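Because only heavy atoms are used, hydrogens play no part in the values below, and waters and symmetry mates are left out as well, while side chains stay in. One-based numbering along the sequence shown. Just follow the structure's listing: the first ligand is 1, and inside any ligand the first atom is 1. Small disclaimer: the values here were computed from a predicted structure and weren't measured.
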Amino acid sequence: QKNFHLLSPHQIELAKTLLELGQTHLFEHWAEPGVADDEKKAFFDQVARLNSSYPDGLESYIKTARELLADSKAGRNPFDGFTPSVPTGDVLTFGDDNFIKFEETGIREAQKAAFVLVAGGLGERLGYNGIKVALPRETTTGTCFLQHYIESILALQEASHSLAQGEVQKKIPFVIMTSDDTHSHTIHLLESNSYFGMEPTQVKLLKQEKVACLDDNEARLAVDPHNKYRIQTKPHGHGDVHSLLYSSGLLNVWRDAGLRWVLFFQDTNGLLFNAIPAAIGVSATRQYHVNSLAVPRKAKEAIGGITRLTHVDGRTMVINVEYNQLDPLLRATGHPDGDVNGETGFSPFPGNINQLILELGPYIEELTKTKGGIKEFVNPKYKDASKTSFKSSTRLECMMQDYPKTLPPIARVGFTVMDTWLAYAPVKNNPDDAAKVPKGNPYHSATSGEMAIYRANSLILRKAGVQVADPVQEVFNGQEVEVWPRVTWKPKWALTYSDIKRKINGNCSISQRSTMVIKGRNVFVEDLSLDGALVIDAIEDAEVKVGGSVQNKGWILEKVDYKDTSIPEELRIRGFRVEKVEELEKNYTEPGKFSLKPLRVKSTHQVT
Ligand code: UGB
């Protein structure tokens with residue numbers, strides 16, 4: 001109290017609350033009044049921040065922490081009373097009539113969408129020094145994840161507008177959730193690249209705050225080991241995105257602008273936008289309040305399973321159950337074998353890839369009740385079986401996919417399963433850990449993430465009738481992967497399977513050692529035989545037909561050792577780099593109609 005004169009009335013209230021909540025230890029080692037006043041003021045500024053950034057404030061944080069810590073100590077099962085069963089949802093097959101129909105609906109609806117990228121995580125498992133969205137999605141073009149996401153959203157906007165005759169054209173809003181770890185780097189990446197072509201006003205950054213650490217089962221807040229005038233803090237998890245969106249006021253702005261969908265996605269899934277148009281189509285057709293994207297899941301694979309939980313009191317919900325909880329839950333509820341593959345060779349529970357589509361109206365209604373607060377959990381590492389003290393401080397955490405936990409039973413919660421090759425290839429693991437992944441399980445590394453792009457694009461072209469050669473097996477950074485032809489295109493060239501079908505015609509073939517990069521929107525590939533590297537760019541008003549026979553020495557994948565620090569980190573972590581030996585590169589910068597039809601002659605280094 002001797003320091004109260006330093007504080008605003010609001011801060012005095014907060015100080016009293018802390019004392020009432022048994023937090024006197026925070027002040028025990030403070031210097032006498034008049035000493036270190038700036039640090040003391042800074043302490044209360046921090047307390048005010050911790051209070052305002054948590055729904056219902058610090059008092060509620062401490063109370064929830066006590067409850068959850070007591071449950072954890074008592075070993076209470078969060079699924080007590082619940083029986084799991086397999087929920088119903090849409091299982092899509094790429095390229096069939098149903099898929100095409102959902103994509104058409106999705107494109108039409110896309111202009112009523114807003115996109116939210118959660119990018120506050122540091123990616124500790126990957127061990128990369130920069131922010132993950134700055135990593136190249138693939139190194140053939142070097143396009144980073146953020147650029148690809150923005151270009152995909154812009155391409156969706158464009159495609160949606162072209163279908164919406166007479167309607168007011170809307171720009172698709174794009175929100176990025178950052179944290180202190182990623183905020184300034186994300187701004188720098190956007191600003192130094194002119195927002196990758198998006199209007200700066202379309203992009204909003206919301207920074208999540210960390211939460212207070214807890215020292216014991218009484219939820220005594222932890223003093224920062226480096227500064228006795230600060231509370232130690234740690235990340236609260238991606239679930240923060242809901243309270244940040246709620247408090248930003250953006251949701252109401254979007255509703256007033258006629259938007260209907262909010263799409264949430266994670267930082268490094270380079271295949272995601274292959275799935276987005278059809279998934280929005282499913283949401284719109286089924287009128288889902290919540291639609292989770294999923295992929296077939298091998299039993300015990302380290303991704304959560306989407307599960308219907310029915311409580312003895314009749315409540316039901318469709319929710320992600322993390323993989324380490326699914327097996328014990330099944331065993332405890334009459335499935336003695338636990339989490340096992342069914343006849344299809346996969347677990348009957350689809351794998352959560354944490355890409356959610358929420359319908360805006362019901363979302364606002366729900367957040368008005370919860371203020372965006374998400375059911376939290378705590379994961380203390382106890383010193384011993386008495387569970388009375390922790391090895392290190394802990395904190396409450398929350399996950400964005402737990403949003404449906406508070407929804408009323410009438411909420412329409414569904415999911416959409418797509419093939420893994422089409423929709424999911426995250427970059428999460430460092431080369432050492434990836435190399436230790438049991439054979440047959442996904443590496444989720446920079447190596448596998450890049451190879452998955454080429455594989456998906458090659459399979460998409462195959463489906464459209466192109467003869468794409470089989471892949472070869474190669475080992476990079478200790479991981480055996482399939483190497484397909486390095487095919488990439490800009491999202492504005494093709495977003496949907498129908499776009500691909502329209503732009504690829506005749507008899508086309510691509511050899512395994514080939515690279516094909518298509519950048520221009522109006523590039524049409526017809527009767528092309530490619531054995532080497534081909535790069536085509538064109539301005540909007542240039543329509544280019546590409547065919548004939550292209551043969552050159554091409555671009556080669558040269559192995560690099562990830563421990564070789566003379567090589568840039570973003571290349572090292574994938575174990576190869578692209579050696580550009582010879583290519584046919586054309587850039588059409590004048591309006592008009594053009595045809596590129598090289599004869600079967602061996603090209604020299606051609607660049608125009
Ligand atoms: N993130 C934040 O923005 N803030 C945070 O405080 C933390 C993370 P991880 P995780 O795709 O296989 C998720 O660390 O949490 C962002 C699902 O919970 O990559 O271990 C971060 O920047 C899990 O069910 O993943 O696991 C990143 O964009 C499963 O679906 C995102 O949150 C798993 O992803 C995810 O963070 C998966």
Can you see whether Q401 engages E322 through a side-chain donor-acceptor pair at a distance of less than 3.5 angstrom? yes
Between N320 and ligand 1, which residue portion shows a heavy-atom distance shorter than 4.0 Å: side chain, backbone, both, or neither? side chain
closest protein heavy atom to atom 26 (O) of ligand 1 is K428 NZ, 4.0 Å
Proximity to ligand 1 by part of M400, non-hydrogen separation under 4.0 Å: neither
Give the numbers and elements of all ligand 1 atoms closer than 4.0 Å to a heavy atom of A119. 3 (O), 22 (O)
For V118, the atoms of ligand 1 under 4.0 Å from one of its heavy atoms are 3 (O), 16 (C), 21 (C), 22 (O), 27 (C), 28 (O), 31 (C), 32 (O)
Give the ring-plane orientation class for F115 versus F265, where under 30° counts as parallel, over 60° as perpendicular and anything between as tilted. perpendicular
Considering only the protein, which heavy-atom contact is closest to atom 35 (C) of ligand 1, and what is its distance? Q266 OE1, 3.4 Å
Under 4.0 Å from one or more heavy atoms of I303, ligand 1 contributes atoms 12 (O)
Report the nearest protein non-hydrogen atom to atom 37 (C) of ligand 1: residue, atom name, distance rounded to 0.1 Å. Y424 OH, 2.9 Å
Taking 4.0 angstrom as the limit, do K63 and E59 come out as a salt bridge? yes
For atom 4 (N) of ligand 1, the closest protein heavy atom turns out to be Q208 OE1, 2.6 Å
Look at ligand 1 and say whether E322 reaches it with a heavy atom at a distance under 4.0 Å. yes
Please list the nearest protein heavy atom to atom 32 (O) of ligand 1 with its residue and the distance rounded to 0.1 Å. H238 CD2, 3.2 Å
Please list, in number order, the atoms of ligand 1 under 4.0 Å from a heavy atom of Q401. 17 (C), 18 (O), 23 (C), 24 (O)
So, regarding D267 and ligand 1 (criterion: nitrogen or oxygen to nitrogen or oxygen, under 3.5 Å), is there a contact or not? yes
Please confirm whether G121 comes within less than 3.5 Å of ligand 1 when only nitrogen or oxygen atoms on both sides are compared. yes
Just checking, is any N or O donor in the side chain of E109 or W261 under 3.5 Å from an acceptor N or O on the other one? yes
For ligand 1, is G237 a contact, meaning one of its heavy atoms is under 4.0 Å away? yes
Going by atom types alone, do E450 and T447 pair a side-chain donor with an acceptor below 3.5 Å? no
Should the pair D339-K300 be classified as a salt bridge under the 4.0 Å nitrogen-to-oxygen rule? no
Under 3.5 Å, N or O to N or O, is N352 touching ligand 1 that way? yes
Which residue supplies the protein heavy atom nearest to atom 10 (P) of ligand 1, what is that atom called, and how far is it? R125 NH2, 3.9 Å
Pull out every atom of ligand 1 sitting under 4.0 Å from any heavy atom of G120, numbered as shown with elements. 2 (C), 3 (O), 4 (N), 22 (O)
In terms of side-chain geometry, is the basic nitrogen of R230 or D224 positioned less than 4.0 Å from the acidic oxygen of its partner? no
Less than 4.0 angstrom from a charged side-chain N to a carboxylate O is my criterion; do R331 and D327 meet it? yes
Carboxylate-amine/guanidinium proximity below 4.0 Å for D181 and K207: no
Heavy-atom side-chain contact between P328 and F79 under 4.5 Å: no
Establish, yes or no, whether a centroid distance under 6.0 Å links the rings of H242 and F264. yes
